[in-house]
Student: 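Can you read through this structure? Questions will come right after.
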Amino acid sequence: MRTATLGPAERAESLASMAERELDVLVVGGGVVGAGTALDAATRGLSTGLVEARDWASGTSSRSSKLIHGGLRYLEMLDFTLVREALKERGLLLEKLAPHLVKPVPFLYPLQHKGWERLYAGSGVALYDAMSMARGHGRGLPVHRHLTRRHALRVAPCLKKDALVGALQYYDARVDDARFVAMLVRTAASYGARTANHARVTGFLREGERVVGARVEDLEGGGEYEIRAKQVVNATGVWTDDTQAMVGERGQFHVRASKGIHLVVPKDRIHSTTGLILRTEKSVLFVIPWGRHWIVGTTDTDWDLDKAHPAASSADIDYLLERVNSVLAVPLTRDDVQGVYAGLRPLLAGESDATSKLSREHTVAHPVPGLVVVAGGKYTTYRVMAKDAVDEAVHGLDMRVADCVTEDVPLLGAEGYRALWNARARIAARTGVHPVRVEHLLNRYGSAAQEVLDLIVSDPALGEPLHAADDYLRAEIVYAASHEGARHLDDVLTRRTRISIETFDRGTRSAREAAELMAPVLGWDKDQVEREVQYYEKRVEAERESQRQPDDLTADAARLGAPDIVPR
């Protein structure tokens, strides 16, 4: 497979190519579902385009709980179909499609009642494991185990002794959601899809009632393109209703946004060798291992304000701290919080009781000829959503089209990953990069790490870490701009890396160094470097201010104080 590069030249070429001749499928929306749909269509031999108004994964798909999971709590709702489907996808991702990006993670579930709770919860977790292995995709994860209170406190010394009478430990998986989408887009491009981020659909092309393409504004280079396609797929998540409004058709359902926020705290603030899952009065709370950090989340509240920049309020932060501190022997404080991020879940809300029950499930519709809509669902099952969307689009194509093959298409970086992992000491010796750094690169890029290492071999200064974010090498910043489609400083500090949530300064101390590394790749002059740095600093300050506000309305107003960057 050819490794696709998503640099400035490739982006410009893709936009021009999409406008030259009619596509079979044009996908609108560059989150995990849109990127997955583009990969599905391209690997069926269809000429495919993918456009995204902002950056890849800049909406929901970079702000999730970072979990690839079967949905253990959906078993309690007796939604066996959804759990079975998600467990299969979890297994595929761990074992075949993205072993470099999706990693097993243990979770401890504290039991608070003797007798009945161990039987009840234990039966659910046992069924969870059994359903996973029954599909042949659970062999990579250990099965659950029952722990006494003493054993549980050895595994998780952070817990209060009176917070549990025993525990269960089971396994799920985690992923860097934004990095996964970037790899998904590059994989689609490797199979021939034309892709362009920062390219906004401003309207649909019509012939009678039929949708025959879209008008796309290039937010980077300027100008507008008319991209014609036999089928257009609307995969815009929480923006689904807004996109549908461009054709005056909403369909039988609409998408409601639910806000979830997460806190990022340093590893040493919670003394545990395992993640935690806790019940709350509304849902569940996760404490997820994340490198040298923990992610604590999430909330679940209605949101009808700005979709591009959902804001976390002071009340949201207090809620999470209060819930997690109820079981921690050493409570977390505001000073322990390194990062905060807020995201919106696209939940289906129907026009009738029959569709409103869909919630976390997904649906696909064909509201007008030439336009397919896919909405709802969960990150873990993105591939199934993409398959269903392309299956629906195929009905409108006057040609024979192959069946979905993405179950057997590894993402970029997956092929050869395990062999390179076994050879990591030799790679370190050959390149002069410390073995720990090589491991870091392999777990972010898989076999594509060789491309990052090549940058370091050609310029050893790129093998140095960023001064104020030493988890990341300078080469990764250059690579983000040259190979991964990053167009702005925010793209790199927030999504290609996680510096914006993994440092107490939220990335402001790394901003200038990163911008100067990106400048030669993207052709920035000193003025543009300064604009990028100033915008990023204003964005961080607006987010900090929003997190000091008491409620959603005031938090939203504070966050909107930072304008979006204008590249020219």
Side-chain angles (χ1 to χ4, degrees), residues 30-36 39 55-72 85-107 132 137-138 140-141 170-188 237 260 262 264 275 277 286-298 339 341 343 345 360 377-386 406-407 409-414 417-418 421 439-449 471 476 484 494-498 500-502:
V32 71
V33 176
L39 176 60
D55 185 28
W56 307 123
S58 57
T60 301
S61 295
S62 61
R63 307 179 193 192
S64 74
S65 294
K66 322 298 185 209
L67 291 176
I68 297 294
H69 64 112
L72 181 59
E85 181 178 81
L87 285 172
K88 176 187 174 182
E89 296 304 311
R90 185 192 70 176
L92 283 170
L93 290 165
L94 278 166
E95 297 166 19
K96 184 194 295 186
L97 303 185
H100 54 314
L101 299 174
V102 180
K103 304 294 181 181
V105 59
F107 285 100
S132 174
H137 293 290
L141 294 179
Y170 74 99
Y171 278 77
D172 258 321
R174 70 165 178 261
V175 66
D176 184 329
D177 48 8
R179 169 143 299 284
F180 185 94
V181 173
M183 285 296 199
L184 199 52
V185 173
R186 290 186 68 191
T187 307
H262 296 79
V264 182
I277 178 172
F286 287 100
V287 179
I288 304 159
W290 182 256
R292 294 201 292 174
H293 309 84
W294 297 96
I295 293 176
V296 181
T298 181
Y341 64 94
R345 304 177 190 88
R360 296 301 176 115
K378 57 203 290 282
Y379 198 107
T380 304
T381 56
Y382 82 90
R383 194 191 64 82
V384 179
M385 296 174 67
T406 53
E407 189 171 322
V409 177
L411 266 61
L412 176 68
Y417 160 70
R418 291 189 174 95
W421 180 260
E439 291 179 1
H440 162 86
L441 294 176
L442 286 172
N443 283 329
R444 281 173 51 76
Y445 306 94
S447 55
D471 279 352
E476 295 181 77
E484 297 187 320
T494 305
R495 286 172 290 278
R496 303 308 183 280
T497 70
R498 292 303 191 160
S500 67
I501 59 172
E502 292 176 350

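Numbers here simply count residues along the sequence, with the first being 1.
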Student: Is it the case that R179 places NZ or CZ above or below the six-membered ring of Y445, under 6.0 angstrom from the centre and within 45 degrees of the axis?
Tutor: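 Output yes; distance and angle both within limits.
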Student: Do you see a donor-acceptor pair shorter than 3.5 Å between the side chains of E484 and W56?
Tutor: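 No, no side-chain donor-acceptor contact under 3.5 Å.
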Student: Using side-chain heavy atoms (C-beta onward) and a distance below 4.5 Å, is I295 in contact with Y341?
Tutor: yes
Student: Determine whether a donor-acceptor pair (N or O, by modelled atom type, separation under 3.5 Å) exists between the side chain of H262 and the backbone of G339.
Tutor: no
Student: Given 3.5 Å as the limit, does a donor-acceptor pair link the side chain of S132 with the main chain of L87, or not?
Tutor: no
Student: Is the shortest side-chain N to carboxylate O distance from R498 to D177 below 4.0 Å?
Tutor: yes
Student: Determine, step by step, whether E407 and R383 satisfy the side-chain contact (heavy atoms from CB on, under 4.5 Å) criterion, reporting the C-alpha distance in whole Å, the side-chain angles of both residues, the deciding distance to 0.1 Å, and the verdict.
Tutor: CA-CA 8 Å; E407 189 171 322; R383 194 191 64 82; 3.8 Å; yes
Student: Are the side chain of R63 and the backbone of S58 linked by a donor-acceptor contact shorter than 3.5 Å?
Tutor: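 At least one qualifying donor-acceptor pair exists.
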Student: Is there a side-chain contact between L141 and Y170, using heavy atoms and a 4.5 Å cut-off?
Tutor: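 L141 vs Y170: side chains apart.
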Student: Just so I know, are the side chains of V105 and K66 near enough to count as touching, which here means a heavy-atom distance under 4.5 Å?
Tutor: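 The answer is no; the side chains never approach within 4.5 Å.
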Student: Verify the distance criterion only: is there a donor paired with an acceptor across the side chains of H69 and T380 at less than 3.5 Å?
Tutor: no
Student: Report yes if some heavy atom in the side chain of I288 is under 4.5 Å from a heavy atom in the side chain of F107; otherwise report no.
Tutor: yes
